[in-house]
Protein chains: 2
Amino acid sequence: MAPSSSPLVRRIARRILADIAAGLLPPGARLKGAELALRHDVSRSPIERALLLLEQAGVAAREPNRGFVVTGDRAASLRAAQSLMETDAAPPYLQIAADRLAGRLPEFVTERLLAGRYRVTGAVLRQNLTRMAQERWIERRPGYGWRFLPVLDSAEAHAASYRFRLAIEPAALLEPGYRVDATAFAKVRGEQMELVQPRPPRLTSNEWFDIGTRFHATIVGCCGNPFFIEASQRANRLRRLIVYRPFDDTRAFAAAAHEHLKLLDLLEAGRHEQAARLLRVHLEDIRQVKADLLGSEARPASGDRRRKSGDRRGELDVVPHF
Amino acid sequence: MAPSSSPLVRRIARRILADIAAGLLPPGARLKGAELALRHDVSRSPIERALLLLEQAGVAAREPNRGFVVTGDRAASLRAAQSLMETDAAPPYLQIAADRLAGRLPEFVTERLLAGRYRVTGAVLRQNLTRMAQERWIERRPGYGWRFLPVLDSAEAHAASYRFRLAIEPAALLEPGYRVDATAFAKVRGEQMELVQPRPPRLTSNEWFDIGTRFHATIVGCCGNPFFIEASQRANRLRRLIVYRPFDDTRAFAAAAHEHLKLLDLLEAGRHEQAARLLRVHLEDIRQVKADLLGSEARPASGDRRRKSGDRRGELDVVPHF
DNA sequence: GTTTGCATTTTAGAAGCTTAAAATGCAAAC
DNA sequence: GTTTGCATTTTAAGCTTCTAAAATGCAAAC
């Protein structure tokens, strides 16, 4: 609805909205420009535009020469939050990934082709390509143009990522600077609790993946060592792009969730050694489950050999995942 | 000397030169355009320009309608290699790092300022900033401009990187896809041998760092798991930017080199378990040596507290490192 | 039939200009 | 003195044009 609002302005509007929802800004509170600017680390201009946005939504009211005040209209807040969420465009990154996986893009592409196809400007495209290159999806050719790399021949790449996580995640829990983030822990604890209910929710494999990843990111994120945090993020980002044949064993989900909850308990109790041991076992378990699912005993040693097309046992349905 | 040659052309010239030096292209061999284009994954244009460059240097000779031939002039080859090395400009990245560490750049900077100061175009600057951001040196401010992050308060960051390496490097040696790269191994073996001579060369701390890093990168690089390889590269890149007070204990260098050589032996013999154990001990050793040097027993638990300025024991001389 | 030499086409980076949007300054209102 | 409301300045992204350089096509030479 807003006539024109930059992503930054919308982001700030969302954050203010969140503060209102959290009770930090009660109904009637004055929304002071300088104060908000400081809090959100921007100047007063985008703040003012965000407030205009919130005024339009009925969340804030303008009083002449006194600035904006919180109205306290819950319904309006919800509506505003909704519309502010919708406004964000998906990055071409995901669409390119999907098209490539579906075979709609050739091995070699030029920036020109991509810019035209996805209707993005050069700079934006470059950012996306850089990110893909970092994730080893694509690489720059020596002259010009880009080459899609053999898409993570999935079974092997997946196994590699698990071995990597096995090396770093338990170690992260043993970092001397480890500090539990109570808020984040509470949030993932809530999610995991849902999964161990007598009647667990039916989740798509995407949702399962999200919840699981969030859990692991949260416990690693508290380790205070940026090397571990970043490494973990990278491994997950890449893993996220490939999903195997829907893996829909509710028993296994619940078992994993039980282990996750136990891990939260141990970390909150400061029993890091024990947590690390459990995490190691836990990752091994998951890996094993997946490996069985994929019939990895027949997996060739080298990653670039292919299974004969007739042998469909352990075949993957590689689907883009978002 | 060359009137104009792109970085790509120079790179290709270097590679052809390397092939000649390695005997792959003996004196008198014809340098066929299409063949070289295929080998270096480019079209025939940059190949031709590279050959012209080599002709100017006296390494190749042109025969009318028969293309270029290797002359076999060793002296010319050496001279050419030399001049092709010199031609490469240092990226602004390093200079920005140096200036920031020396306090010649403020906490907040705009792209405009940097582009003017370092005489680079917007695109190049952007690339450099992106890289710095990935290495957690700098971050984009919400509105515009960039903020330098509190420079890796060195003692803590260094310790963090060692703990990270301790988690990944030994694990990399145990990867199932580990394959020794004989050529690369031979090269680092030669470097390490030099250090254990009765009269070892006097090395600057930079050179010591380079040789050490190359060693670790090489043994990790053979693991076949891109997650480990990339993580290791990142940790080293960041570590590279900070150097402590020149650490000049020749005995310690030699001891480390002995361990490095032992590691190469074990890996070549396929004794990965043992190699991983030794590497773990080795990294612990280095960390300990450095920690003693820094008086880390007095190091506060949290990374952002500062040592009292009066206490200079274990103080660091943070110097840019290149 | 291969390979070269050169002309032509295509690509992506650079330079300059325009513009949306963020930062800043300041008088007026409280 | 604070805070607002608005004008002004500054920044960086977008757009257009231009250009260096890589890719490609093809006739001629062997």
Side-chain angles (χ1 to χ4, degrees), chain A residues 2-12 30-38 40-53 55 60 62-69 108-116 119-127 129 140-146, chain B residues 2-12 30-38 40-53 55 60 62-69 108-116 119-127 129 140-146:
Chain A
S4 83
S5 58
S6 71
L8 176 61
V9 167
R10 283 198 298 278
R11 207 175 79 206
I12 290 172
R30 274 184 77 180
L31 296 161
K32 298 180 192 172
E35 199 177 295
L36 291 170
L38 197 65
H40 298 105
D41 192 23
V42 290
S43 73
R44 282 161 39 224
S45 326
I47 295 286
E48 179 156 340
R49 306 219 286 135
L51 291 175
L52 283 166
L53 215 59
E55 187 195 17
R62 178 162 221 167
E63 299 180 2
N65 284 321
R66 290 201 69 241
F68 296 87
V69 212
F108 298 101
V109 289
T110 61
E111 294 184 15
R112 200 168 217 272
L113 172 84
L114 294 174
R119 298 295 171 166
V120 283
T121 156
V124 173
L125 178 62
R126 213 79 42 73
Q127 285 180 357
L129 286 170
R140 231 210 147 90
R141 297 195 57 197
Y144 58 70
W146 298 74
Chain B
S4 83
S5 59
S6 71
L8 176 61
V9 167
R10 283 197 297 279
R11 208 175 78 207
I12 290 172
R30 271 186 78 181
L31 296 160
K32 296 180 192 170
E35 199 176 294
L36 292 170
L38 198 65
H40 298 105
D41 193 23
V42 291
S43 73
R44 280 163 37 225
S45 322
I47 293 287
E48 179 157 338
R49 304 220 287 135
L51 291 175
L52 282 166
L53 216 58
E55 187 195 17
R62 178 161 220 164
E63 301 180 2
N65 284 322
R66 290 200 71 241
F68 295 88
V69 207
F108 298 101
V109 289
T110 62
E111 294 185 15
R112 199 169 218 270
L113 172 84
L114 295 174
R119 300 291 170 170
V120 284
T121 157
V124 173
L125 178 62
R126 215 79 42 73
Q127 285 181 358
L129 287 170
R140 233 210 143 89
R141 297 196 58 197
Y144 59 70
W146 298 73

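To find a chain, count down the sequence lines: A is the first, B the second, and so on, and within it residues start at 1.
- Contact detail for Ser5(B) and Leu53(B): the closest heavy-atom pair is CB-CD1, 4.1 Å.
- Rounded to an integer number of Å, the gap from CG of Leu53(A) to P of dA22(C) is 12 Å.
- The side chain of Ser6(A) contributes an N or O atom lying less than 4.0 Å from OP1 or OP2 of dA22(C).
- Rounded to whole angstrom, the span from the CG atom of Leu129(A) across to the C1' atom of dT11(C) amounts to 14 Å.
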(request) Go through the steps to decide whether Glu111(A) and Arg126(A) satisfy the test side-chain contact (heavy atoms from CB on, under 4.5 Å), and finish with yes or no. (result) CA-CA 8 Å; Glu111(A) 294 184 15; Arg126(A) 213 79 42 73; 3.1 Å; yes
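- Arg126(B) comes within 4.0 angstrom of sugar-phosphate atoms only, judged by non-hydrogen atoms across all strands, and of no base.
- Here the CZ-CD distance, from Arg62(A) to Glu48(A), works out to 5.5 Å after rounding to the nearest 0.5 Å.
- Interatomic distance, Thr121(B) OG1 to Gln127(B) CD, rounded to the nearest 0.5 Å: 9.5 Å.
- Here the side chain of Arg44(B) is nearest to one of dT24(C), dG5(C), dT4(C), namely dG5(C).
- In this structure, Asn65(B) does not reach the dT4(C) phosphate: none of its side-chain N or O atoms is under 4.0 Å from OP1 or OP2.
- Toward the 5′ end of DNA chain D lies the nearest nucleotide of Ser45(A), the other residue of the pair Ser45(A) and Tyr144(B) mapping further downstream.
- The shortest distance between the side-chain N/O atoms of Thr121(A) and the OP1/OP2 oxygens of dG14(D) is below 4.0 Å.
- Atom pair Phe108(B):CZ and dT11(D):P shows a separation of 15 Å (rounding to whole Å applied).
- For the pair Arg112(B) CZ and dC17(C) C1', the computed distance is 13 Å after rounding to whole Å.
- The side-chain heavy atoms of Pro46(A) and His40(A), taken from C-beta on, include no pair separated by under 4.5 Å.
- The separation between Leu52(A) atom CG and dT4(D) atom P is 13 Å, rounded to whole Å.
- Evaluation of atom-type donor-acceptor distances gives no pair under 3.5 Å for the side chain of Arg62(B) against the base of dG5(C).
- OP1 and OP2 of dA12(C) both lie 4.0 Å or more from every side-chain N or O belonging to Arg140(A).
- One finds a side-chain N or O of Arg49(A) lying less than 4.0 angstrom from the OP1 or OP2 phosphate oxygen of dA22(C).
- With a 3.5 Å ceiling on both atom-pair distances, the Watson-Crick or G-U wobble partner of dC15(D) is dG16(C).
- Residues Arg49(A) and Ser6(A) have side chains in contact (heavy-atom distance under 4.5 Å, counting atoms from C-beta outward).
- With DNA chain D read from its 5' end, the first of the two nearest nucleotides for Ser43(B) and Trp146(B) is the one closest to Trp146(B).
- Looking at Glu35(A) and Arg30(A), no side-chain N of the basic residue comes within less than 4.0 Å of a carboxylate O on the acidic one, giving no salt bridge.
- For Arg30(B) and dA29(D), the CZ to P distance is 16 Å, given to the nearest whole Å.
- Within the 4.0 angstrom heavy-atom criterion, only backbone atoms of the sugar-phosphate kind lie near Glu63(B); the bases stay farther away.
- Atoms CG (Asp41(A)) and C1' (dA22(C)) sit 12 Å apart, rounded to a whole Å.
- Contacts of Gly145(A) with the nucleic acid, taken as non-hydrogen atoms under 4.0 Å apart, involve only primed sugar atoms and P, OP1 or OP2.
- Counting distance only, with no hydrogens placed and no angle test, the side-chain atoms of Arg66(A) and the base atoms of dG5(D) include no donor-acceptor pair under 3.5 Å.
- Using N1 to N3 plus N6-O4 or O6-N4 for Watson-Crick, or N1-O2 and O6-N3 for G-U wobble, each under 3.5 Å, dC26(C) pairs with dG5(D).
- The nearest heavy atom of DNA chain C to Glu48(B) and to Val9(A) marks one nucleotide each, and the one closer to the 5' end goes with Glu48(B).
- Here the side chain of Lys32(B) is nearest to one of dT11(D), dT3(C), dA22(D), namely dT3(C).
- Here dT11(D) presents its P atom at 11 Å from CG of Leu114(B), a figure rounded to the nearest Å.
- Each of Pro64(B) and Leu8(A) was matched to the nucleotide of DNA chain C holding its nearest heavy atom; the match closer to the 5' end belongs to Pro64(B).
- Within 4.0 Å (heavy atoms only), Leu31(A) reaches sugar-phosphate atoms of the nucleic acid but no base atom.
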